[in-house]
Amino acid sequence: MPTITTDDGTTIFYKDWGTGQPIVFHHGWPLSADDWDYQMMFFLQRGYRVIAHDRRGHGRSTQTWTGNEMDTYAADVAALTTHLDLREAVHIGHSTGGGEVARYVARHGNDRVAKAVLISSVPPVMVKSDKNPGGTPIEVFDDIRKQTGFNRAQFYKDITLPFYGYNRPGAVISEGVRENWWRQGMMGGIIAHYECVKAFSETDFTEDLKAIDAPTLVLHGEDDQIVPFADSGPLSAKLLKNSQFKAYPGYPHGMPTTHPDVICADLLAFIKG
């Protein structure tokens, strides 16, 4: 398997297919590069070079108990992009991966990045506070930590219902999609997943967003039950210097999987534009 080893000895697995302008995909919690299979095939067949990695503690990368926070995640991405010498790259992040994109581009990648995309992403900051009164209460994330740490196998089955909007009336449920989410989640390390909850919920990306020079596309579903719409996508778009924003009425958090044709068409138009 293709891997790099970071300065602290962590092995990061990655996929790197094709030639042409590079597109780097950043997955959500607690998944892996496999969550981007559809998009990687789509863009590979259209002449792009596609890259996706398993974040430390996730998938086939080292099940670390250290470094499970955004600064280190972004540094790992920087190590990978330097190793592959990626330039004029498009970085696309979903959910937690969107936070990773924001931190990486702001701190490491402005000179290597052509464009960025945040899909159903956690910035600017998820947790409720005096500065972020519309955020999600900390008790919600405490419960996610509890379920992840001590009831992971069942919790990773249950969470797929709101993740993909399968708990909505009339939803067409794909058991294969649910099982694939569970498979990816259970591949990772429990302590890394536990600690990543803090990383995706409490990290404030406000200054990162303000520092990004690259054109950035922000996509968010209005029926997102994981990263609520009103406190995320629209706010991120306002903080970015050069942003485009698109809302999708009725779409769930996992809309790259539930509506891949729509999302890929919008991504392609932005990348080519």
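The figures that follow rest on heavy atoms only: side chains count, while hydrogens, waters and symmetry mates do not.
The aromatic rings of Tyr73 and His58 lie perpendicular to each other, with more than 60° between the two planes, well past the 30° mark. Between Phe163 and Trp181, the angle of the ring planes goes over 60°, which puts this pair in the perpendicular group of the 30/60° scheme. Note: His91 and His26 have tilted aromatic rings, judged against thresholds of 30 and 60 degrees for the angle between ring planes. Between Tyr156 and Trp29, the ring-plane angle classifies as perpendicular under the 30° and 60° cut-offs.
Remark: the Asn132 side chain and the Asp231 side chain contain an N/O donor-acceptor pair separated by less than 3.5 Å. Side chains of Thr81 and Arg112: no donor on one and acceptor on the other come within 3.5 Å. In this model, a donor atom of one side chain and an acceptor atom of the other lie less than 3.5 Å apart for Thr64 and Asn68.
Between Thr72 and Gly67, the closest heavy-atom pair is CB-O, 3.2 Å.
Ion pairing of Asp85 with Arg87 is present here, as a side-chain N (NZ or NE/NH1/NH2) and a carboxylate O approach within less than 4.0 Å. In summary, Asp54 and Lys15 do not engage in a salt bridge, as defined by a charged side-chain N under 4.0 Å from a carboxylate O. Salt-bridge annotation for Asp76 and Arg55: absent, with no side-chain N of the basic residue lying under 4.0 Å from a carboxylate O of the acidic one. Under 4.0 Å is where a charged nitrogen must lie from a carboxylate oxygen, and between Asp142 and Lys198 no such pair does.
The one candidate from Arg145, Gln147, Arg152 that meets the side-chain contact (heavy atoms from CB on, under 4.5 Å) condition with Tyr194 is Arg145.
Using a 4.5 Å cut-off between side-chain heavy atoms of Ile, Leu, Val, Met, Phe, Trp and Tyr, Leu84 falls into a hydrophobic cluster with Ile4, Ile12, Tyr14, Val24, Ile51, Leu80, Leu86.
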Would Asp34 and Arg60 count as a salt bridge (Lys or Arg N to Asp or Glu O under 4.0 Å) here? Give the steps. CA-CA 10 Å; Asp34 294 352; Arg60 289 141 292 201; 2.9 Å; yes

Does His27 form a side-chain hydrogen bond (donor to acceptor under 3.5 Å, both in side chains) with His94? I'd like the steps, not just the answer. CA-CA 6 Å; His27 64 80; His94 176 250; over 6 Å; no

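Here the side chains of Phe229 and Pro234 are in contact, with some heavy-atom distance below 4.5 Å.
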What side-chain donor-acceptor pairs closer than 3.5 Å can you find for residues 216-224, not counting sequence neighbours?
{"unit_1": "Thr216", "atom_1": "OG1", "unit_2": "Ala214", "atom_2": "O", "d": "3.0"}
{"unit_1": "His220", "atom_1": "NE2", "unit_2": "Asp224", "atom_2": "OD2", "d": "3.1"}
{"unit_1": "His220", "atom_1": "NE2", "unit_2": "Val227", "atom_2": "O", "d": "2.9"}
{"unit_1": "His220", "atom_1": "NE2", "unit_2": "Ser232", "atom_2": "OG", "d": "3.3"}
{"unit_1": "Asp223", "atom_1": "OD1", "unit_2": "Arg168", "atom_2": "NE", "d": "3.4"}
{"unit_1": "Asp223", "atom_1": "OD1", "unit_2": "Arg168", "atom_2": "NH2", "d": "2.8"}
{"unit_1": "Asp223", "atom_1": "OD2", "unit_2": "Arg168", "atom_2": "NE", "d": "2.9"}
{"unit_1": "Asp224", "atom_1": "OD1", "unit_2": "Ile226", "atom_2": "N", "d": "2.8"}
{"unit_1": "Asp224", "atom_1": "OD1", "unit_2": "Val227", "atom_2": "N", "d": "2.7"}
{"unit_1": "Asp224", "atom_1": "OD1", "unit_2": "His253", "atom_2": "ND1", "d": "3.1"}
{"unit_1": "Asp224", "atom_1": "OD2", "unit_2": "His253", "atom_2": "ND1", "d": "2.8"}

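Residues passing the salt bridge (Lys or Arg N to Asp or Glu O under 4.0 Å) test with Glu195: none are found, sequence neighbours excluded.
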